[in-house]
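For reference, the structure is listed below as structure tokens.
Bear in mind that the values here come from a model prediction, so they are computed numbers and not experimental data. Protein chains get the first letters and strands the later ones, always in sequence-line order, with residue 1 at the start of each.
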Number of protein chains: 2
Amino acid sequence: MSEGPSQPPSRGEDAREALLRSAITAFGEQGFAAASTRAIAVAAGANPAMISYYFGGKQGLYEAAVQHIADQMGAHMGPVAARVQRAKSELDQAPPADAPARYFDLLWSLVEALVGILASERSAPWARIILREQQQPSAAFEILYGGPMSRLLALATELIAAMDTGRRSPAEHRLTALGVLGQVLVYRAARAAVLRHMEWPRLGDPELQKIKTALRRNLRCMLGVDDG
Amino acid sequence: MSEGPSQPPSRGEDAREALLRSAITAFGEQGFAAASTRAIAVAAGANPAMISYYFGGKQGLYEAAVQHIADQMGAHMGPVAARVQRAKSELDQAPPADAPARYFDLLWSLVEALVGILASERSAPWARIILREQQQPSAAFEILYGGPMSRLLALATELIAAMDTGRRSPAEHRLTALGVLGQVLVYRAARAAVLRHMEWPRLGDPELQKIKTALRRNLRCMLGVDDG
DNA sequence: GTAGGTTAATTAAACGATTGATTAGCTGAG
DNA sequence: CTCAGCTAATCAATCGTTTAATTAACCTAC
């Protein structure tokens with residue numbers, strides 16, 4: 001992907017990471033075009049030429065930043081997804097009487113983790129890059145979608161299908177999963193309108209709790225699970 | 001707002017509008033920084049100097065474009081919102097037995113209009129600008145939110161409150177409205193992921209119908225309205 | 001152990017291209 | 001003639017990138 005040295009002998013690794021970090025911030029805050037390589041290099045305490053040296057240019061730096069985001073997203077959601085996946089397999093093999101409610105709890109674990117990430121201000125730079133890629137996918141979009149994103153959507157869809165009583169089609173299950181995603185995504189994609197409409201100064205912990213409560217209630221009846 | 005002539009005597013009005021139109025496209029596709037004034041002028045068949053002449057510069061052109069979007073959005077949603085508002089007032093004064101279902105139908109009119117706009121490719125340039133403003137609000141955000149956006153959210157919240165049986169708080173009603181918005185917004189904000197996950201080549205009319213069906217079902221149980 | 005050489009890491013300086021904006025001058029209708 | 005509408009040319013600034021030169025680390029030879 002990047003044209004830099006394949007295995008840097010740990011010498012310039014810190015400079016590389018510093019560039020990557022300030023690149024994510026800059027690209028997230030200002031977008032690809034508006035972010036200047038000079039400003040990124042200065043923020044990283046490096047020389048502008050290091051960008052070409054390590055990443056082969058601005059484009060390479062951007063793709064490396066997207067890859068880094070995908071990795072971090074996988075690191076955050078991976079353990080939760082793996083645990084849910086495992087629990088679902090067990091439920092599939094020996095479904096208890098309250099199977100739908102159990103499936104719902106698993107889905108809720110996923111949603112809770114996701115909304116926690118999306119609501120936190122720490123994920124703002126990621127989220128902006130991801131949303132921008134959604135609207136005009138570049139070559140970097142495959143890095144994002146092919147990674148944890150498609151896995152998450154697929155897992156949520158499977159859970160929704162599992163707790164369905166069997167009347168709805170697979171396409172409807174996928175649409176339901178997108179509806180769930182939308183209710184989570186709105187708190188990042190339309191954050192400014194959310195804060196204004198709720199008359200919240202910011203989106204902190206108490207606000208997140210209220211969001212989670214409302215979200216869980218919405219999902220429960222959307223999925224036809226009477227009791228959680 | 002813009003520094004141009006306040007009342008152009010209808011002579012250069014067509015050039016002004018051509019600039020505005022290509023500006024919306026360019027800003028939507030590439031963002032504020034990436035869109036070049038030269039490219040916008042060329043696309044409009046005008047001279048780059050006309051941007052400073054009419055709008056006082058790139059910033060002024062952008063704000064004028066946002067204002068234009070807010071106006072168009074108001075023109076599209078305004079009639080529907082007004083009709084819903086009127087019907088709601090009548091329901092408020094003499095609530096029939098099936099009042100909740102009637103309120104729901106009104107909310108559905110709003111949602112259906114909104115998803116129709118957001119899904120259509122014609123609204124893509126608007127939507128990108130709006131979403132960008134949501135994530136990093138500039139001075140232009142007030143133009144957008146102060147316009148039809150806040151009115152739409154407020155109206156939806158009132159409808160949700162009206163069809164609620166009375167147990168939930170106003171804050172919960174607002175959160176529910178945001179949940180509804182999220183389920184609509186996802187088809188624009190995460191369009192690339194939507195297409196991939198649904199395995200749709202594009203988002204046309206048949207796809208929109210399926211979305212509406214699923215959406216209406218989700219809303220109905222979210223709002224506790226058994227029958228539509 | 002240390003001198004010398006090899007190579008990766010980093011720097012300063014400059015490149016051409018493009019940016020937003022400004023200028024002065026031209027056009028044509030009233 | 002007058003003046004708003006419009007054009008061509010040019011401005012300084014900044015962009016991403018490249019170049020050549022310098023520094024720092026490591027490895028080998030003695």
Checklist line | Atom-to-atom span, OH of B:Tyr62 to C1' of C:dG20 - whole angstrom | finding: 17 Å
Check: How about B:Ile117 and B:Arg122: do any of their side-chain heavy atoms sit closer than 4.5 Å?
Finding: no
Notebook entry, point to check: What's the spacing between A:Glu158 CD and A:Ser89 OG if we round to 0.5 Å?
Noted result: 8.5 Å
Next item on the list: Start with the C-alpha gap between A:Asp105 and A:Arg216, add the side-chain angles, then the distance that decides, and say whether salt bridge (charged side-chain N to carboxylate O under 4.0 Å, His left out) holds.
Entry: CA-CA 10 Å; A:Asp105 284 340; A:Arg216 188 179 165 95; 3.5 Å; yes
Item checked: Lys/Arg N to Asp/Glu carboxylate O, B:Glu172 vs A:Arg217, below 4.0 Å -> yes
Check: Going 5' to 3' along nucleotides 12-17 of chain C, which nucleotides have protein heavy atoms under 4.0 Å from the base (write B), which only from the sugar-phosphate (write S), and which from neither (write -)?
Finding: B-B---
Check: To the nearest Å, how far apart are A:Asp14 CG and C:dA9 P?
Finding: 11 Å
Next item on the list: Looking at every strand, decide which applies to A:Ala35 at a 4.0 Å heavy-atom threshold: base, sugar-phosphate, or nothing.
Entry: sugar-phosphate
Note to self: From the set C:dT19, C:dT22, D:dT17, return the single nucleotide nearest to any side-chain atom of B:Ser52.
What the structure shows: C:dT22
Next item on the list: Provide, to the nearest angstrom, the distance between the CD atom belonging to B:Gln30 and the P atom belonging to C:dT19.
Entry: 10 Å
Next item on the list: Identify which one of B:Phe141, B:Phe27, B:Phe55 satisfies the ring pair (Phe, Tyr, Trp, His ring centres under 6.0 Å) criterion when paired with B:Tyr62.
Entry: B:Phe27
Next item on the list: Could you state the atom-to-atom distance from OH of A:Tyr54 to P of C:dA8 in whole Å?
Entry: 12 Å
Item checked: Salt bridge flag under 4.0 Å for residues A:Glu207 and A:Lys212 -> no
Notebook entry, point to check: Between A:Met50 and B:Lys58, who's closer to the 5' end of DNA chain C by nearest nucleotide?
Noted result: A:Met50
Checklist line | Value in whole Å for how far the C1' atom of C:dA8 lies from CZ of A:Arg16 | finding: 15 Å
Check: C:dA21 C1' sits how many Å from B:Ile40 CD1, rounded?
Finding: 14 Å
Check: To the nearest angstrom, how far is B:Leu19 atom CG from C:dG20 atom P?
Finding: 13 Å
Check: If only side-chain N and O atoms of A:Tyr53 are considered, is one of them under 4.0 Å from the OP1 or OP2 phosphate oxygen of C:dA9?
Finding: yes
Note to self: Just the rounded figure in Å: distance from P of D:dG5 to CD of B:Glu17.
What the structure shows: 14 Å
Margin query: A:Lys58: which residues meet the side chain to side chain donor-acceptor pair (under 3.5 Å) condition with it, sequence neighbours left out?
Written below: none
